[in-house]
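This chain uses plain numbering: 1 for the first residue, then up along the sequence.
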Amino acid sequence: MSAADIVGAPESSIALFAHPDDPDFMAGGTIARWTDAGCSVSYVIMTDGRAGTQGIGDDPMPEAELIRRRQEEQRTAGKLLGVEDIVFLDHHDGELFHTLELRHQLVREIRKRKPEAAVLFDPRQRLLPGYVQHPDHWISGEAALAAIFPLAGVRRAFTDLLADGLEPHAVRDIYLVSPLAPNLRLDITATIDRKIAAMQAHRTQVADPAGLAERMSRAAQIVADGSPYEYAEAFHFTRRGERELVLEY
């Protein structure tokens, strides 16, 4: 039995990420597979995306318009992957900090939706070959992990949420993207085209759509190398309460 068979697909999931386009780029193929299987997926985007202009260069677009465009692009991309529920927390892009306020916001969204699984950045990953991880990425992962455990599941944490009817909730499965120590590959061969289309919907971020498609395809092939899959996404996976669950990558 493969690691993917052991893990299975969640019935509900929440993606906790820094920027519009992060969930699509990092886990879009898996998210599309999950929604196809009936999984309810929600996105929580922590920043407003005001600093991302890779696709429009020096276009003097007003900041408020860029923020509006990036949210619109994220909603369009989400629909391509089967995601309709998207929340924007509106922290400044490039200035995300792991604060008590951010933890509180994330716990609120987790308790509202009560997901079985969560997808987020691996906060341990700071450097990759030829690339410095955006600090918003690892900070978002750090805050999300703190919100998942222990805060979302502890009655005495953020007791004001109880007055809103938001009872504690324990997220069972955690999928870390850009993982420092990957232990799970999931097949996205059937959904790679939708993942690419979702990323291409982020027009303010994509200067070369054809080149992006080629790079994303090649990256997914490299992840899949040595597996039975043509295209794959990599995660560090952990299932709360199952310390004996060891996966082979």
Side-chain angles (χ1 to χ4, degrees), residues 13-28 30-31 41-57 61 63-75 77-78 81 83 86-110 118-149 151-152 171 174-182 195 198-199 201-207 212 215-216 219 233-236:
S13 179
I14 192 167
L16 305 164
F17 282 94
H19 309 114
D21 77 33
D22 283 347
D24 312 319
F25 187 76
M26 301 307 306
T30 296
I31 289 167
V41 179
S42 302
Y43 284 4
V44 176
I45 307 298
M46 300 181 207
T47 77
D48 55 18
R50 69 177 64 195
T53 60
Q54 293 91 329
I56 58 175
M61 183 184 300
E63 191 172 79
E65 174 61 14
L66 178 58
I67 292 169
R68 187 197 68 77
R69 285 270 300 274
R70 293 210 66 184
Q71 291 188 0
E72 181 181 280
E73 290 167 352
Q74 182 60 90
R75 293 187 183 97
L81 302 178
V83 179
I86 302 176
V87 174
F88 300 95
L89 300 184
D90 295 329
H91 294 266
H92 285 194
D93 185 358
E95 302 173 20
L96 190 66
F97 289 93
H98 181 178
T99 62
L100 194 61
E101 176 196 10
L102 179 56
R103 288 188 184 187
H104 185 277
Q105 290 174 318
L106 297 174
V107 169
R108 174 180 288 276
E109 301 306 328
I110 291 167
V119 189
L120 52 142
F121 275 110
D122 187 338
R124 301 168 298 175
Q125 185 72 277
R126 309 293 174 91
L127 293 170
L128 297 94
Y131 178 71
V132 177
Q133 182 75 291
H134 194 306
D136 284 357
H137 291 173
W138 56 263
I139 289 169
S140 73
E142 188 176 81
L145 272 181
I148 290 167
F149 183 83
L151 299 173
V171 177
I174 299 172
Y175 295 77
L176 301 181
V177 304
S178 192
L180 187 65
K195 174 177 178 170
M199 271 307 300
H202 295 276
R203 295 181 181 179
T204 60
Q205 307 309 300
V206 180
L212 175 71
R215 291 192 298 275
M216 289 179 67
E233 289 173 339
F235 303 89
H236 182 88

Does any non-hydrogen side-chain atom of [Y] lie less than 4.5 Å from one of [X]?
| X | Y | result |
| --- | --- | --- |
| Tyr175 | Thr30 | no |
| Thr47 | Glu95 | no |
| Val132 | Leu127 | yes |
| Val177 | Leu120 | no |
| Ser140 | Leu96 | yes |

Closest non-hydrogen atom pair, [X] against [Y]:
| X | Y | answer |
| --- | --- | --- |
| Asp93 | Gly52 | OD2-N, 3.4 Å |
| Ser178 | Asp122 | O-CB, 3.7 Å |
| Ala15 | Pro23 | CB-CB, 4.2 Å |
| Glu233 | Gly28 | OE2-N, 3.3 Å |
| Pro20 | Ile45 | N-CG2, 3.3 Å |

How many angstroms lie between atom [atom1] of [X] and atom [atom2] of [Y], to the nearest 0.5 angstrom?
| X | Y | atom1 | atom2 | result |
| --- | --- | --- | --- | --- |
| Asp24 | Tyr43 | CG | OH | 4.0 Å |
| Leu102 | His91 | CG | NE2 | 4.5 Å |
| His134 | Asp22 | NE2 | CG | 8.5 Å |
| Arg50 | Glu63 | CZ | CD | 4.0 Å |
| Asp48 | Ile67 | CG | CD1 | 4.0 Å |
| Gln125 | His236 | CD | NE2 | 12.5 Å |

Of [options], which meets side chain to side chain contact (heavy atoms under 4.5 Å, CB included) against [X]?
| X | options | result |
| --- | --- | --- |
| Asp21 | Met26, Arg70, Glu73 | Arg70 |
| Met46 | Asp136, Leu106, Val87 | Leu106 |
| His137 | Glu142, Arg126, His19 | His19 |
| Ile110 | Ile148, Leu151, Val44 | Ile148 |

Does Arg124 CZ have over 12 foreign heavy atoms under 6.0 Å away? yes

Give the intermediate values and the outcome of side chain to side chain contact (heavy atoms under 4.5 Å, CB included) for residues Phe25 and Met216. CA-CA 8 Å; Phe25 187 76; Met216 289 179 67; 3.9 Å; yes

Parallel, tilted or perpendicular: which one describes the rings of Phe17 and Phe121, with boundaries at 30° and 60°? perpendicular

Output yes when a side-chain donor or acceptor of His98 lies under 3.5 Å from a complementary backbone atom of Ile139, and no otherwise. no

List the steps and the verdict of side chain to side chain contact (heavy atoms under 4.5 Å, CB included) for Arg108 and Gln105. CA-CA 5 Å; Arg108 174 180 288 276; Gln105 290 174 318; 5.7 Å; no

Any side-chain donor-acceptor pair under 3.5 Å between Gln71 and Asp90? yes

Does Arg68 come within less than 4.0 Å of Glu65, counting only side-chain N to carboxylate O? yes

